[in-house]
Amino acid sequence: MSIPLILASKSKPRRNVLFAAGVCPTIRVSHVDETAALEAAAAQAGVDVAELKVEQRVQILAEAKAQAVHEAYRDVAATAAAASGERIVGYPLRAADLPQEQQETAANQAQAENIDYSSAPIATTRDFSGTTFPTVTEPINALSNGDLPGLTRAQVGPLILGCDSMFLFEGECYGKPHSADAARERLKRMRGNTGELWTGHCLIDFASGRVARGASHAKVHFSNYSDSDIERYIATGEPLEVAGSFTLEGFGGAFIDSIEGDPSGIIGLSLPLARELAAELGIAWPDLWNVASPLAPPAEGKAAGAAHAGIKPPKENVRQPGDGWIDCACGRKHWGTNGAAGVLLARRDPNSGQVTHVVMQHRAMWSAEGGTWGIPGGATADGESPIEGALRESYEEANITPEDIEVVGSYREDHGSWGYTTVFAFEKPGHTVTPKANDDESMEIEWVPIDRVPELKLLTAMRTDWPRFAARLASLAAERAVS
């Protein structure tokens with residue numbers, strides 16, 4: 001398997017540069033306060049921010065972003081490593097009391113239910129309620145559980161890449177203009193002139209903690225475009241949120257006469273610099289390749305095939321490693337080439353210790369089984385264990401902060417070629433999780449009273465599993481109350 005790369009940026013141009021070069025990264029936004037990061041670095045150096053050179057600025061910000069994501073992944077790894085309790089694996093497709101035709105082929109399963117699965121992927125599992133099937137129970141972090149290696153056991157990687165770009169023009173550093181007025185003023189000054197686009201990178205090897213840093217730059221020669229060109233360019237919205245108010249790969253590319261230096265650096269991610277930094281960490285660039293056909297455009301994420309009834313997702317979903325549909329032996333299509341996982345987080349009464357609430361996700365209408373309720377989760381990325389994947393996904397979707405919870409058990413529904421892992425967790429004593437919808441995959445995220453869960457319109461798999469899940473949560477809470 002290739003070494004996973006985590007990009008600390010949601011920039012589509014940066015992602016596309018990597019994808020075209022054979023690397024599909026996991027996206028994790030850093031949420032760094034750039035002004036505060038520059039001020040802190042300047043204060044440490046005993047200078048004003050204005051005295052920092054552009055090369056210093058882009059490297060400071062690139063490292064701040066990479067380190068923020070590094071810290072977030074350390075929280076995930078630490079919570080996963082501290083997981084306690086039991087891991088139960090169920091094998092419903094081995095059930096002796098399933099109809100024989102449902103055990104043989106996916107085609108027979110589809111025929112038995114009179115459902116046509118060919119028109120669109122169906123992300124639901126079959127209803128196994130009332131079915132007895134074999135299970136295996138073992139310690140949750142047992143080496144034999146087949147979920148390893150993960151973040152804490154990898155000898156190298158994943159690599160975390162932070163990037164930042166600034167435009168140096170007439171001795172002044174420019175970031176994103178954010179407003180039409182600022183973009184207009186800059187574009188008028190830039191036409192017929194030359195500036196320098198600087199891009200800083202910081203690459204961190206999660207396994208070793210080693211860090212490599214650097215910056216690239218290129219000269220950009222602009223054409224003598226007209227006032228009308230400026231206004232029509234601003235109307236596209238493109239120059240407002242890009243460093244220097246221009247792009248090479250978008251609408252702005254037609255107004256660049258030539259460049260001297262690294263072209264991918266102008267787009268925001270320097271491939272030569274990234275390759276050099278990987279080499280500093282002892283990693284060959286081809287070891288990061290994980291795209292079978294880089295010439296194909298990046299596919300949309302789970303929205304591709306998940307939308308139904310004509311409902312489309314409100315914005316593009318970014319493809320990540322592990323995204324994709326699996327033709328399962330159960331006769332359905334499931335999301336996640338490495339399987340999928342989610343967190344069932346419970347809150348306990350501080351006095352009795354009994355479970356009072358659980359975090360539930362009201363799924364967006366465009367998603368599979370849209371409008372139902374389930375738990376936050378998604379596809380497990382390359383290099384992650386199911387627990388790590390569940391923790392990452394539940395934070396990205398529902399703001400379940402891993403440092404505030406403790407993993408107390410798990411259940412994996414194993415279909416052979418695919419499996420879904422439900423991670424049971426409690427809020428840590430004295431900690432509070434404030435769930436919220438962090439992306440457009442949810443209509444709402446709520447702490448739901450545990451007695452009200454059966455009243456919700458539940459995802460098929462959750463409806464099937466809820467009685468067992470509720471009983472296990474109660475048992476886990478009782479065990480901890482006694483201890």
Side-chain angles (χ1 to χ4, degrees), residues 1 4 6 26 28 69-90 135-155 157-158 206-207 320-323 334-346 358-359 361 374-415 418-428 431 433 435 461-462 465 468-469 472-473 475-477 479-480:
M1 181 180 288
I6 301 164
T26 297
R28 180 65 182 255
V69 171
H70 186 210
E71 181 177 355
Y73 268 77
R74 287 202 306 269
D75 290 338
V76 166
T79 300
S84 62
E86 294 179 330
R87 173 185 187 265
I88 300 175
V89 184
T135 62
V136 172
T137 301
E138 62 183 0
I140 196 167
N141 276 327
L143 291 175
S144 62
N145 67 26
D147 296 341
L148 307 175
L151 294 175
T152 58
R153 292 174 174 83
Q155 296 182 344
F206 185 87
Q320 310 233 42
D323 283 359
H334 298 303
W335 182 250
T337 59
N338 302 317
V343 171
L344 178 52
L345 176 63
V358 292
V359 173
Q361 175 193 44
I375 60 173
T380 303
D382 294 350
E384 292 179 329
S385 71
I387 292 178
E388 293 163 349
L391 293 171
R392 175 185 55 78
E393 282 279 343
S394 65
Y395 172 77
E396 292 175 358
E397 290 187 2
N399 203 51
I400 294 177
T401 42
E403 63 271 25
D404 293 315
I405 69 176
E406 53 184 350
V407 174
V408 295
S410 71
Y411 172 74
R412 179 175 176 83
E413 183 179 297
D414 195 314
H415 292 198
W418 180 88
Y420 189 95
T421 299
T422 299
V423 174
F424 298 92
F426 293 144
E427 282 180 310
K428 289 180 179 177
H431 292 242
V433 172
M462 180 57 67
D465 291 332
R468 288 184 291 110
F469 286 179
R472 189 168 180 195
L473 284 174
S475 175
L476 289 168
E479 290 174 8
R480 277 151 183 76

Indicate yes or no: at least one non-hydrogen side-chain atom of [X] is less than 4.5 angstrom from one of [Y].
{"X": "V343", "Y": "Y395", "result": "no"}
{"X": "I375", "Y": "V359", "result": "no"}
{"X": "V423", "Y": "P386", "result": "no"}
{"X": "D404", "Y": "K428", "result": "no"}
{"X": "E384", "Y": "V76", "result": "no"}
{"X": "I88", "Y": "R472", "result": "yes"}

Can you tell me how far the [atom1] atom of [X] sits from the [atom2] atom of [Y], to the nearest 0.5 Å?
{"X": "E393", "Y": "I400", "atom1": "CD", "atom2": "CD1", "result": "11.5 Å"}
{"X": "D75", "Y": "E403", "atom1": "CG", "atom2": "CD", "result": "4.5 Å"}
{"X": "D465", "Y": "E413", "atom1": "CG", "atom2": "CD", "result": "6.0 Å"}
{"X": "Y411", "Y": "T137", "atom1": "OH", "atom2": "OG1", "result": "10.0 Å"}
{"X": "R412", "Y": "T135", "atom1": "CZ", "atom2": "OG1", "result": "14.5 Å"}
{"X": "F426", "Y": "L345", "atom1": "CZ", "atom2": "CG", "result": "9.0 Å"}

Shortest non-hydrogen contact from [X] to [Y]?
{"X": "A379", "Y": "G336", "value": "CB-CA, 3.7 Å"}
{"X": "G322", "Y": "D382", "value": "N-OD1, 3.9 Å"}
{"X": "A207", "Y": "A154", "value": "CB-O, 3.4 Å"}
{"X": "T421", "Y": "S410", "value": "CG2-CB, 4.1 Å"}

For the backbone of [Y] and the side chain of [X], can you confirm whether one donor and one acceptor N or O come within less than 3.5 Å of each other?
{"X": "T79", "Y": "P402", "value": "yes"}
{"X": "R74", "Y": "F206", "value": "no"}
{"X": "E388", "Y": "G150", "value": "no"}
{"X": "Y73", "Y": "R392", "value": "no"}
{"X": "N338", "Y": "T380", "value": "yes"}

| said: Testing the 3.5 Å rule here: is there a donor-acceptor pair between the side chains of R468 and T422? | reply: no
| task | Name the orientation class of the two ring planes belonging to H415 and W418 (parallel below 30°, tilted from 30 to 60°, perpendicular beyond 60°). | result | perpendicular
